[in-house]
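What you see below is based on every heavy atom in this structure, not just the backbone, and it leaves out hydrogens, waters and symmetry mates. In the text below, chain A, chain B and the rest are named by the order of the sequence lines, each starting its count at 1. None of the values given here were measured: they were computed from a predicted structure.
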2 protein chains.
Amino acid sequence: MKGILFMLLNANDTHKKIVKAAHKLFMDLGYRAVSTRRIAEACGITQPTLYHHFSNKKAIYMEVLRTELVDMKNALSRIIKRFDGDIEECLFQVTYYILINKPPSMGQMFHDIQKELDQEHQGTVRKWWMESYQEPLASIFEKGIKDHKLRDPAEIGSDPVSSAYLLLSLISSRNTDYKLKESLAKEQARLYVKVILYGLSQSNGQ
Amino acid sequence: MKGILFMLLNANDTHKKIVKAAHKLFMDLGYRAVSTRRIAEACGITQPTLYHHFSNKKAIYMEVLRTELVDMKNALSRIIKRFDGDIEECLFQVTYYILINKPPSMGQMFHDIQKELDQEHQGTVRKWWMESYQEPLASIFEKGIKDHKLRDPAEIGSDPVSSAYLLLSLISSRNTDYKLKESLAKEQARLYVKVILYGLSQSNGQ
DNA sequence: AGCGAACCCTATCACTTGATAAAATTATAA
DNA sequence: TTATAATTTTATCAAGTGATAGGGTTCGCT
C-alpha cells in the first residue's frame, strides 16, 4: 500500500518538521540559546533523531537560513515585477512584505551568521542574502536613478546598493514582530518609504 | 603606607577590570556566548573571584550596560548643548559620535536585554536606554519641529521620538565597527543625516 | 602582635550542551 | 515470509556551564 513515494513523504515530513520548528526557535531565541533537545521536543521526536537527518546543529541552521532566504527572494522578485512602474508604491509593497515576513530580529540573525558560522558557511549565506534582499532592493533604486526620479548617486553619495541598505536598516531595526498587526506594519512601511524618499526636512534643502 | 584609599583602589581596580573585560566580550560575542571563565581569564583572575565582586553573571552584564549607557548619555548631552543652534550639524555630530562609540552590534545587545533579562531588569535597562539615547535624540528633533525646520509631525506621521528611532535604526544597523576608520564613520554619518533630513528623491515630492 | 574584614584561590557541585554507539523498530522489496 | 535498508529509540559520553564551600593570604586597624 505504501510505495516509495510515501516513504519519501515520511522522511520529508520529519525533515520539514525539523526545519520549521528550528526556524521559529532560531529566529526567536538565537543560535546559541536553542538546544538540539529543544528542537527535537518541538518536533515530537528524540534528540538523536535530528542527527539522522542532519549532520550537526549548524547544518540545521544553514537549512533554516536557506529556506528563509529563498522564500524571500521569490516573493520580492514577484512583487517587484508586479509594481514595476511606480517606484514609491513598489518600495512600499516590498517594505510591507518584508516587515510582515521577516524574522523578528534580523540583528540576531546577522550576529549568529557572523559569530557562529565559519568563513566558508558565511560566504554561502552571504550569497543567499545578496540574492534575496540586496539585489532585489537595489534594482528598485537603480531603476529610480535611471528614470531620474532619485538624486544622482554622486550628489548624496548613495548608490543603489547603499540605498538598499539604508531602507533595510529601517526595516530590520528593532525586534519588531508585526505578524499579527498588519495595519501597524502598513503605517510603518509608509513612514519608512516617505522618509527614505523625501526626508523629514521642511524644504528640500541642500 | 597604604591607607584605606589604596585598599579601595585595589578593589576598584579588579572591579573595573572585570567590567571592562566583560564589556568587550559581551558586546562582541553576546551574553550567552561569553562564559564567566572567559571573563575571568581576560582579567587574569580565577572564575570564582568574579562572584566576590558580583552576585552572578547577570549582575556583571547589568553593570556593563549601566556604564555603557551612562557614558553615552553624558557624551550626547554635552554634544547637543554645544551644537544647539544648527540642527543638521548637531545631528551629524551626534550621529558621528554614536557610530564611533557604540557597541559593534546593537542588535545583539537589544536581543540579550530582551531574552536574557527578567522583566524587572529589563525595565531598569529601558530607563537607562531612554535617558541615554532616545531622549537626547528626540530633543534635537523636537527643537527642529518647534523652529519649523522639520515637517509637522502630523504631515508624515513621525513625532520626535519616532524620528529619533529612525535615525537610530540607520546608526545601529549592521554590525559595523568604525572604531578604527574615523573617516569612513564621518561619511556614513553625513549620509545618514542627509537622508533623514532630505531623502533620496529628486524633487521634494508629496 | 593580633584581630577581623576583604580578597582570591583550589576543589567541586549539579546541570546542560552537542554528539555518538548500538539496539530496536518500521517500512520496502524479493 | 524473509532479508535489507531506513528510521527512531535508549543509553551514554566528554566537555563546558553557572554557582558554591571552604581554606589561605593580605591588608588596615587597634
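Rounded to an integer number of Å, the gap from B:D13 CG to C:dC8 P is 10 Å. Separating the CD1 atom of B:I39 from the P atom of D:dT17 is a distance of 11 Å, rounded to the nearest angstrom. Between the OH atom of A:Y31 and the C1' atom of C:dT17 there is a distance of 11 Å, given to the nearest Å. Rounded to an integer number of Å, the gap from A:E41 CD to D:dT9 P is 13 Å. Whole-Å rounding puts the A:R38 CZ to C:dT16 P distance at 13 Å. Remark: P of D:dG16 and CZ of B:R32 are 18 Å apart, rounded to the nearest angstrom. Rounded to an integer number of Å, the gap from CD1 of B:I60 to C1' of D:dA19 is 12 Å.
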If you restrict it to nitrogen or oxygen atoms, what contacts under 3.5 Å exist between nucleotides 22-25 of chain D and the protein, and what is each distance?
none

Sort me out a list of protein N/O and nucleotides 19-23 of chain C N/O pairs below 3.5 Å, or just none if empty.
| unit_1 | atom_1 | unit_2 | atom_2 | d |
| --- | --- | --- | --- | --- |
| C:dA19 | OP2 | A:Y51 | OH | 2.6 |
| C:dA19 | OP2 | A:K57 | N | 3.0 |
| C:dA19 | N7 | A:Q47 | NE2 | 2.9 |
| C:dA19 | N6 | A:R37 | NH2 | 3.4 |
| C:dA19 | N6 | A:Q47 | OE1 | 3.0 |

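The side-chain hydrogen bond (donor to acceptor under 3.5 Å, both in side chains) test applied to A:T95 returns no partner, not counting sequence neighbours. Here A:T124 pairs with nothing under the side-chain hydrogen bond (donor to acceptor under 3.5 Å, both in side chains) rule; sequence neighbours left out. Scored by the side-chain contact (heavy atoms from CB on, under 4.5 Å) test, B:K58 finds B:Y31, B:N56, B:L117 as partners (sequence neighbours excluded). Residues satisfying the side-chain hydrogen bond (donor to acceptor under 3.5 Å, both in side chains) test with A:D159, not counting sequence neighbours, are A:S162. Here B:H52 pairs with nothing under the side-chain hydrogen bond (donor to acceptor under 3.5 Å, both in side chains) rule; sequence neighbours left out.
Distances shorter than 4.0 Å separate none of the side-chain N or O atoms of B:S35 from OP1 or OP2 on D:dG16. Remark: A:H52 is not in phosphate contact with D:dT9, judged by side-chain N or O atoms under 4.0 Å from OP1 or OP2. Not one side-chain nitrogen or oxygen of B:H15 sits closer than 4.0 Å to the OP1 or OP2 atom of C:dC7.
The shortest side-chain heavy-atom distance between A:I60 and A:F26 falls under the 4.5 Å cut-off.
Sorted by first then second residue, the salt bridge (charged side-chain N to carboxylate O under 4.0 Å, His left out) pairs that include residues 106-118 of chain A, not counting sequence neighbours, are A:R32-A:E116.
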Solution key, residues 74-86 of chain A side-chain donor-acceptor pairs under 3.5 Å, sequence neighbours excluded:
| unit_1 | atom_1 | unit_2 | atom_2 | d |
| --- | --- | --- | --- | --- |
| A:N74 | ND2 | A:V70 | O | 3.4 |
| A:S77 | OG | A:K73 | O | 3.3 |
| A:S77 | OG | A:N74 | O | 3.1 |
| A:D86 | OD1 | A:E88 | N | 3.1 |
| A:D86 | OD1 | A:E89 | N | 3.4 |

Show me, pair by pair, the donor-acceptor contacts under 3.5 angstrom made by side chains of residues 130-144 of chain A, not counting sequence neighbours?
| unit_1 | atom_1 | unit_2 | atom_2 | d |
| --- | --- | --- | --- | --- |
| A:S132 | OG | A:W128 | O | 3.0 |
| A:S132 | OG | A:W129 | O | 3.2 |
| A:Q134 | OE1 | A:Y165 | OH | 2.7 |
| A:S139 | OG | A:P136 | O | 2.6 |
| A:K143 | NZ | A:D147 | OD2 | 3.2 |

For residues 35-43 of chain B, run the donor-acceptor check on the side chains, cut-off 3.5 Å, and write out each pair with its distance to 0.1 Å, sequence neighbours left out.
| unit_1 | atom_1 | unit_2 | atom_2 | d |
| --- | --- | --- | --- | --- |
| B:S35 | OG | B:R38 | N | 3.1 |
| B:T36 | OG1 | B:Q47 | NE2 | 3.0 |

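Less than 4.0 Å separates DNA chain C from no heavy atom of any residue of residues 17-26 of chain A.
Classification of A:R66 and A:E63 as a salt-bridged pair holds, one side-chain N sitting under 4.0 Å from a carboxylate O.
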